[in-house]
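Beneath this line is the structure, given in structure tokens, with notes to follow.
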Amino acid sequence: MPKFRAPRGTTDLLPEEQPYWDFVSQQVERLCRAYGYGRIEPPVLEDAALFERGVGAETDIVQKEMYTFQDKGGDLLALRPEGTASVCRAYLEHGMHSLPQPVRLYYLLPMFRYERPQAGRYRQFHQFGFEAIGEGDAALDAEVIDLSWQLYQAFGLRDLTLVLNSIGTPESRSRYHQALREHYRPHLERVCSDCRARFERAPLRLLDCKQDAALAEAAPRSLEHLDGESAHHFQQLRAYLDALGVPYTQDHRLVRGLDYYTRTVYEIQPSQEGSQSAIGAGGRYDGLIQELGGAPTPGVGFAGGVERIILNLKRQGREVGPGAAPRAFVASVGEEAKTAAVRITGELRRAGITALMGLGGRSLKAQLRQAGALGAPYAVIIGGDELAAGAATVRDLARGEQESVPLGGLREWLQARVGGPLS
Ligand code: ATP
Ligand code: MG
């Protein structure tokens with residue numbers, strides 16, 4: 001047992017995992033740019049109060065999951081548990097309301113939540129997300145939903161469902177809250193203790209309770225309690241999604257139980273059921289910026305969980321591009337040849353060819369075995385004869401064939417066969 005291990009719920013992202021991470025972040029970057037979103041990277045640490053305000057004091061995140069601590073100067077800080085509050089804080093702090101609206105921003109960041117670790121649920125994990133702030137038009141909801149959907153298509157994930165609902169505005173919601181309380185009041189012993197505590201302050205959350213699905217299924221529906229404008233907004237949104245060809249299913253149990261969430265809520269779910277099922281969620285938050293001290297400003301956004309996406313890619317047997325396997329392995333015999341090997345390896349690397357060399361005075365046989373184990377297609381062999389001839393012996397490790405290649409033309413020879421830098 002090693003003395004130190006990564007803290008519970010955190011992992012080392014090792015080199016063999018990186019192709020998946022590169023793949024996901026490349027798709028995020030490519031599509032977000034195509035949709036006109038600019039990258040933002042807020043600090044890992046924020047004023048803890050930002051999340052109490054911006055995520056909501058009633059949420060699991062704030063009640064149970066935040067890493068909050070006092071720093072040496074006495075400030076109460078938190079490790080970021082989600083991205084939206086930070087992005088909205090930055091929007092206000094940098095006066096982005098004076099830019100053309102909406103302001104479109106995206107991020108890919110580590111998040112921290114003190115949770116019970118299990119497959120697809122960690123204490124340090126990563127989310128990508130995007131926020132479009134400063135416009136209430138349903139066409140912007142459609143844009144954000146379309147971007148989310150196209151991204152998951154680009155990941156190559158199959159059998160996904162986009163679940164959609166509308167929860168109206170805080171003003172119209174009080175009637176709905178009342179209807180929900182009437183529905184649940186006679187059955188409060190059937191919901192979990194957390195939900196019982198939320199019954200008065202955040203009754204929407206009861207629809208999310210895992211304890212009694214039938215009770216939630218029979219509950220009154222938010223769509224039946226929408227104000228006229230919200231109903232119109234939802235109708236427009238569905239028409240725009242149809243125009244974009246984005247498929248969705250409606251689910252009246254999908255909610256976000258905080259006052260500054262408005263109208264649109266949605267989730268992307270993989271086919272396999274389970275408590276870790278959602279691989280991304282988003283919605284409209286027209287009250288949030290005001291909650292953070294700004295002028296009333298609408299906004300809509302989405303966040304996806306990178307680890308859960310990669311988990312699903314692996315489950316579906318999705319292969320991603322090559323890793324960092326060397327393209328050439330330079331083996332040498334003798335000290336003089338080794339100096340040449342150092343020089344040649346350096347030249348190949350500067351030409352963008354991933355190259356490694358034999359170290360530690362191992363035998364030629366051991367070096368070639370290592371080249372094979374590392375997956376290098378070619379071994380470049382330098383010994384006394386090669387130095388004298390000014391030409392390397394290059395062995396095709398898969399075929400076992402070899403030929404002599406003049407040192408001066410080695411770089412071009414390899415480039416023609418293994419390409420330039422890894423793309
Ligand atoms: P859950 O109900 O699974 O806890 P959530 O509602 O807390 O999810 P969001 O805050 O909406 O999740 O975050 C968006 C996405 O981030 C989720 O859909 C999920 O893919 C991912 N995610 C959330 N928490 C974790 C975690 N602890 N570890 C890994 N991924 C997570
Ligand atoms: Mg959670």
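Heavy-atom basis, side chains included; hydrogens, waters and symmetry copies ignored. One-based numbering, in listed order, for ligands and for the atoms of each. This is a predicted model, so every value here is computed, not measured.
- Note: no N/O pair closer than 3.5 Å links Ile61 and ligand 1 by distance alone.
- Distances between N or O atoms of Ala281 and those of ligand 1 include no value under 3.5 Å.
- Salt bridge status for Arg395 with Glu401: absent, with no side-chain N to carboxylate O gap under 4.0 Å.
- Side-chain contact between Arg263 and Ile167 is absent, with no heavy-atom pair separated by less than 4.5 Å.
- Atoms of ligand 1 found under 4.0 Å from any heavy atom of Ile279, numbered from 1 in the order shown, are 18 (O), 20 (O).
- At a threshold of 4.5 Å between non-hydrogen side-chain atoms, the residues Leu414 and Val380 count as touching.
- Between Glu82 and ligand 1 there is no heavy-atom distance shorter than 4.0 Å.
- Proximity to Gly280 (heavy-atom distance under 4.0 Å) selects the following atoms of ligand 1: 18 (O).
- For atom 25 (C) of ligand 1, the choice among Phe112, Phe302, Phe125 with the nearest heavy atom turns out to be Phe125.
- Looking at residues two or more places apart in sequence or on another chain, you find a ring-ring contact (aromatic ring centres under 6.0 Å, His included) between Tyr378 and Trp413.
- Not a single N or O atom of Glu307, backbone or side chain, sits closer than 3.5 Å to an N or O atom of ligand 1.
- Residue pairs meeting the side chain to side chain donor-acceptor pair (under 3.5 Å) criterion with at least one member in residues 2-13: none, sequence neighbours excluded.
- Close contacts between ligand 1 and Glu115 involve ligand atoms 24 (N), 25 (C), 26 (C), 27 (N) [criterion: under 4.0 Å to a heavy atom].
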Should Thr264 and Ser166 be marked as a side-chain contact (heavy atoms from CB on, under 4.5 Å) after you check the CA-CA gap, both sets of side-chain angles, and the distance that decides it?
CA-CA 5 Å; Thr264 313; Ser166 174; 5.8 Å; no
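- Residues Tyr35 and Tyr106 keep their aromatic ring centres 6.0 Å or farther apart.
- Ligand 1 places these atoms under 4.0 Å from at least one heavy atom of Gln127: 13 (O), 14 (C), 15 (C), 16 (O).
- The aromatic rings of Phe128 and Tyr152 are tilted relative to each other, their planes meeting at an angle between 30° and 60°.
- Numbered from 1 in the order shown, with element, the atoms of ligand 1 that lie under 4.0 Å from a heavy atom of Gly305 read 15 (C), 16 (O), 20 (O), 21 (C).
- Evaluated by nearest non-hydrogen atom to atom 9 (P) of ligand 1, the leading choice among Arg121, Glu267, Arg113 is Arg113.
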